[in-house]
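Just so you know, residue 1 is the first one in the sequence shown, and it goes up from there.
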Amino acid sequence: MENIRAYNQMFAMTSFGAKLDNSINNGRHPYVFKVEGQISHWMGSLCPPDDQNCRFLQMYVYDTTNEVSNRLRHFRKGEHTDLKPEIVEALIHLFDESNALVKLHSGGNQLCYDTPTFGTLGAIVYDTEPTGKNDFDIIIRLKDNVPQRINKLHPSYMALQFPLLFVYGEHGWSPELKLVNHESRGNNHLTMNMFYSFQLHDRFNLYALLPRGGRLFQQYLVNAYICIEQNRLDYIQSIQNVLRSEYLQGVHDALLKGDSDGHDVGKRIILPSSFTGGPRYMYKHYQDALAICRVYGNPQYFITFTCNVKWLEIRRYLEKFPELQASDRAGIIVRVFEMKVRDFITYLKDERPFGNVAADLYTIEFQKRGLPHCHTLLWVTSAHKIKAPEEVDKFISAEIPDPNNDPRLFNIVSKLMIHGPCGLANTSAPCMVNGTCSKHFPKRYEQTTRFDKDGYIHYRRKNDCRFVTKNDIKLDNSYVVPYNRSLCLVFEAHINVEYCGWNMMIKYLFKYISKRADRIRAQLTQSLGEHSNRTLNETKQINEIQNFVDARYICAHEDAWRIFDFDIHNRNPAVQVLAVHLDKMQTITFKDTQSLRNIITNPMTKKTTFTQWLHNNQIDDRGRHLTYIDYTLEYKWVTQGKDWVRRTTNRTPAIGRLIYIHPTCGEVFYSRMLLGHQIGCKTFDDIKTIDNVVYPTYRSACEKLGLLGDNKEWMYAFDEASISATSKELRSLFAHMLLYCEVSDPISLWTQRWRQMSDDITQNIVGTSHGIPFRLNDEHLQNYVLYEIELLLTSNCSSSSLSEYGLPMPPPHLLLELNNRLLMEEKNYDRVTLAEQHRLLVSKLNGDQHLIYESVMKATLENEQKLIFVYGHGGTGKTFLWTTIISALRSTGNIVLAVASSGIASLLLPSGRTAHSRFKIPLDITNESACHIKKTRN
């Protein structure tokens with residue numbers, strides 16, 4: 001079974017075009033088939049060029065006497081050297097006798113003019129280029145160097161590529177397939193997704209060759225899903241010229257000017273948010289998560305539930321197929337995991353291991369090795385929220401359980417909840433990046449659970465001498481992944497539980513769970529040294545569909561999940577998006593063939609959640625006490641009829657979410673501000689009515705309510721954006737406000753909101769500091785933010801600067817300091833804490849220690865170079881003296897390099913490093929040895 005892909009490729013009639021990712025198949029783990037980007041099948045000519053060997057389809061019709069050696073020729077080198085000629089000969093005989101495609105192509109060079117009968121398989125054989133084009137035929141040339149791409153809609157698309165899975169050359173999906181005995185009287189079209197979903201299911205007492213394909217079945221799954229998704233993308237691409245979107249008022253204006261056809265009006269639409277997995281789809285779910293956060297506050301728990309292929313259900317099924325591994329049956333794995341996820345969410349709500357659940361949200365992702373995992377955010381009711389750090393221990397543990405008192409939990413934690421080994425014990429571990437663990441293991445020992453000043457939790461991890469052995473290495477509590485006891489016992493899986501209720505940077509957690517699949521994309525738009533001839537007003541068209549397709553990574557488990565139409569996002573309660581627009585400025589979508597008069601006379605095209613809220617307040621007085629955003633508490637939006645209907649059940653109501661409006665949008669931005677305050681509005685004029693006075697503009701109404709002035713509107717816009725936007729996006733918003741908005745007091749806006757633009761700066765520096773803790777001072781933090789904003793302003797077409805708005809300029813030496821990682825580490829300790837530590841330590845120095853301390857401090861103060869050697873036996877207070885001196889110097893902003901000759905000694909010093917690590921000294925010293933520190937090194 002290990003060589004099944006090689007044997008299949010040997011007999012495939014089309015080549016397989018894709019970029020494979022085999023980097024994840026290093027080691028002892030099960031094989032995973034993973035591709036990047038698109039997949040294509042190519043068919044060459046019947047006969048090879050004179051100077052080349054035959055390949056793929058050509059081997060069925062050219063030099064068939066030496067067919068065995070011809071087929072093995074391409075596999076004599078590399079990893080497939082153990083292919084057996086007798087197996088190849090047996091497969092040749094099997095396909096010659098049974099495969100309809102092989103029988104067809106074996107006679108492909110004999111022109112046949114018989115009239116084909118219905119249902120027979122045929123191919124068109126050409127000597128020259130055919131004059132016509134048909135996407136549903138395979139065109140074969142007698143002798144041509146140019147391969148032809150096979151259309152994915154052809155019924156033989158899969159059989160040509162996977163002869164070992166379709167031994168008889170069976171037909172696959174085609175657009176002509178219909179549903180039989182379909183209950184609905186509507187569309188009976190059999191979609192591509194339906195067809196492949198049917199194929200993936202086992203049938204009782206019916207033998208199926210396809211799921212027994214092992215690694216080849218993984219390749220087939222990836223191929224099938226890419227066909228499905230590409231078919232959907234092709235449809236979206238095909239309607240780009242058909243569907244248009246425009247403001248309703250714009251259609252009215254076009255009609256008045258004499259335009260009558262839809263193709264004269266509107267702009268092109270792009271990859272919509274309805275496309276599952278697309279960037280707009282993921283961002284929509286990110287905004288929905290923040291809407292839940294607006295109502296219920298920060299989530300309390302972040303839980304990652306990972307599939308366990310050793311579950312009893314999976315093992316019991318695989319016992320019927322001893323030749324297969326769990327990774328070979330991706331369909332079974334995802335079906336079991338989907339049931340487990342539903343049980344998992346039900347268990348959280350019914351059994352309440354964390355208390356009463358107020359809201360929940362989860363998203364499904366796939367590891368680099370393909371296994372699915374479920375990221376869950378959990379909100380609990382106020383009565384069950386954590387009030388003190390010690391309460392966390394009731395729900396989350398980061399310690400190895402007692403094997404005597406709880407042997408089953410000890411067994412589960414030992415197998416599933418221990419990280420590593422990594423670090424020096426295993427430098428090739430997947431988590432190792434630049435010589436350190438990217439997950440920051442081992443963790444520090446903690447006697448009690450505590451929160452730091454940034455709201456991050458540090459779980460209790462006592463040094464109690466308990467350990468487990470993995471790969472002959474003892475791992476203690478510092479390697480335990482935080483877990484919940486009841487979840488581990490019930491689901492027997494890796495379930496990482498993290499408390500996040502006190503962390504204010506929750507939006508980055510939402511960004512993480514709403515991110516798209518792994519991808520990389522790079523595009524060369526201009527050659528080096530090439531002068532651009534584009535004008536300033538010319539913009540490059542962005543193809544969102546192509547950007548989505550390029551460089552995405554897809555594996556068999558994800559494909560099976562998507563083919564089965566399992567949800568990749570789920571949330572409770574639901575979130576209702578609420579439209580915001582001016583009168584007759586709602587966006588409508590129509591076909592270019594539609595009559596504009598029919599568009600504007602159709603009442604359904606004019607309806608939005610906003611217009612119907614106004615209309616409903618006219619005919620129903622029961623909801624006039626509610627603002628627009630709170631209307632979902634008592635009414636629900638019916639999409640089919642586009643209307644609000646009063647709720648009649650006790651189910652948790654949907655949460656309203658106003659669409660985001662940029663502050664540069666003018667009146668519609670001020671209209672949105674008013675919607676948070678006005679109730680019972682019946683018309684657009686009611687929104688700008690204050691104390692029975694209708695104001696001419698929404699802005700003037702905002703001024704009357706006291707929402708403007710003293711930068712209030714910009715504060716409002718900035719605060720609302722900061723709920724969902726990253727720090728980088730907030731800096732961009734701040735720059736846009738300076739450039740395009742009338743900010744009366746930029747200094748005041750900067751002073752009150754600069755910290756919200758700095759979250760990522762500290763995190764980025766800490767993330768690249770190799771686990772060395774340090775603190776970035778406010779002065780450096782502000783300068784860093786100012787520097788980033790200055791870059792945005794100077795890169796803008798107007799080439800503005802901070803100085804033009806009265807804002808301070810970052811110092812010129814900032815960039816050099818920021819790029820010097822060592823300097824940043826040494827200058828950004830918590831000086832207040834160090835000063836207090838120094839005050840306590842210096843008072844405890846004895847006479848000899850104090851003499852050395854004074855000598856060092858005096859030399860530092862007078863800028864005098866001194867070499868001081870301190871000698872003493874163990875326990876005489878050398879480390880205490882070094883700690884006192886280091887805290888004294890670092891508390892005043894001085895740089896101290898704490899270096900020791902051995903690793904154990906360096907651990908005793910605050911932020912200590914070994915001399916080999918700090919000065920890049922080679923481990924093996926010779927007469928020619930030198931430190932690996934370059935002259936230009938920062």
Indicate yes or no: at least one non-hydrogen side-chain atom of [X] is less than 4.5 angstrom from one of [Y].
X: V167; Y: L209; result: yes
X: F491; Y: N308; result: no
X: L164; Y: F95; result: yes
X: N223; Y: Y157; result: yes
X: V88; Y: Y7; result: yes
X: Q161; Y: Q219; result: yes

**Request:** For the residue pair F337 and W311, categorise the inter-ring angle as parallel (less than 30°), tilted (30 to 60°) or perpendicular (more than 60°).
**Result:**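 Rings of F337 and W311: parallel, under 30°.
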
Shortest non-hydrogen contact from [X] to [Y]?
X: V222; Y: C555; result: CG2-C, 3.9 Å
X: I236; Y: F275; result: CD1-CD1, 3.8 Å
X: A326; Y: L318; result: CA-CD1, 3.5 Å
X: D567; Y: W561; result: O-NE1, 3.1 Å
X: L177; Y: G172; result: CD1-O, 4.0 Å
X: F217; Y: L210; result: CD1-O, 3.3 Å

Using atom types as modelled and distance alone, determine if a side-chain donor or acceptor of [X] lies under 3.5 Å from a backbone N or O of [Y].
X: T191; Y: M194; value: yes
X: N471; Y: I473; value: no
X: N188; Y: K178; value: no
X: N3; Y: L83; value: no
X: D328; Y: Q325; value: yes
X: K470; Y: G420; value: yes
X: R280; Y: P272; value: no

Output the distance between atom [atom1] ([X]) and atom [atom2] ([Y]), rounded to the nearest 0.5 Å.
X: T306; Y: H494; atom1: OG1; atom2: NE2; answer: 5.0 Å
X: L153; Y: N231; atom1: CG; atom2: CG; answer: 5.5 Å
X: L475; Y: F441; atom1: CG; atom2: CZ; answer: 10.5 Å
X: L221; Y: I226; atom1: CG; atom2: CD1; answer: 11.0 Å
X: C374; Y: I568; atom1: SG; atom2: CD1; answer: 12.0 Å
X: Y479; Y: C437; atom1: OH; atom2: SG; answer: 8.0 Å

Is it the case that [X] and [Y] place a side-chain donor and acceptor less than 3.5 Å from each other?
X: H375; Y: T363; result: no
X: D559; Y: Y196; result: no
X: N426; Y: S428; result: yes
X: N193; Y: R232; result: yes
X: D234; Y: Q230; result: yes
X: Q199; Y: Y220; result: yes

Is the [atom1] atom of [X] crowded by more than 12 outside heavy atoms at less than 6.0 Å?
X: K439; atom1: NZ; value: no
X: E89; atom1: CD; value: no
X: Y207; atom1: OH; value: yes
X: F321; atom1: CZ; value: yes

**Prompt:** So, R342 and E338, do they make that salt bridge, N to O below 4.0 Å?
**Reply:**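 Yes, R342 and E338 are salt-bridged.
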
**Asked** If you measure from the Lys or Arg side-chain nitrogens to the Asp or Glu carboxylate oxygens, is any gap between K340 and E313 under 4.0 Å?
**Response**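 Looking at E313 together with K340, the answer is yes, because their closest N to O distance falls below 4.0 Å.
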
**Prompt:** Please walk me through it: do L216 and F162 pass side-chain contact (heavy atoms from CB on, under 4.5 Å)?
**Reply:** CA-CA 8 Å; L216 187 60; F162 299 98; 3.7 Å; yes

**Request:** Compute the ring centroids of Y281 and H569, then answer whether they are less than 6.0 Å apart.
**Result:**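 Ring centroids of Y281 and H569 are less than 6.0 Å from each other.
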
**Request:** Would you confirm whether the ring centroid of F564 sits within less than 6.0 angstrom of the ring centroid of H201?
**Result:**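 Under 6.0 Å, so yes.
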
**Request:** From the options K320, R335, R329, select the one residue that forms a salt bridge (charged side-chain N to carboxylate O under 4.0 Å, His left out) with D202.
**Result:**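 Filter result, single survivor: R329.
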
**Request:** Could you walk me through whether S156 and H171 pass side-chain contact (heavy atoms from CB on, under 4.5 Å), step by step?
**Result:** CA-CA 5 Å; S156 296; H171 276 190; 3.9 Å; yes

If you look only at distance, which donor and acceptor atoms sit under 3.5 Å apart when one is on a side chain in residues 411-419 and the other is two or more places apart or in another chain?
{"residue": "S414", "atom": "OG", "partner": "F410", "partner atom": "O", "Å": "2.6"}

**Request:** Check the pair M192, C227 against side-chain contact (heavy atoms from CB on, under 4.5 Å), reporting the backbone distance first and the verdict last.
**Result:** CA-CA 8 Å; M192 191 183 291; C227 285; 3.8 Å; yes

**Message:** Could you walk me through whether I333 and C307 satisfy the side-chain contact (heavy atoms from CB on, under 4.5 Å) test, starting with their C-alpha distance in whole Å, then the side-chain angles of each, then the deciding distance to 0.1 Å, before giving a yes or no?
**Reply:** CA-CA 8 Å; I333 289 177; C307 178; 3.7 Å; yes

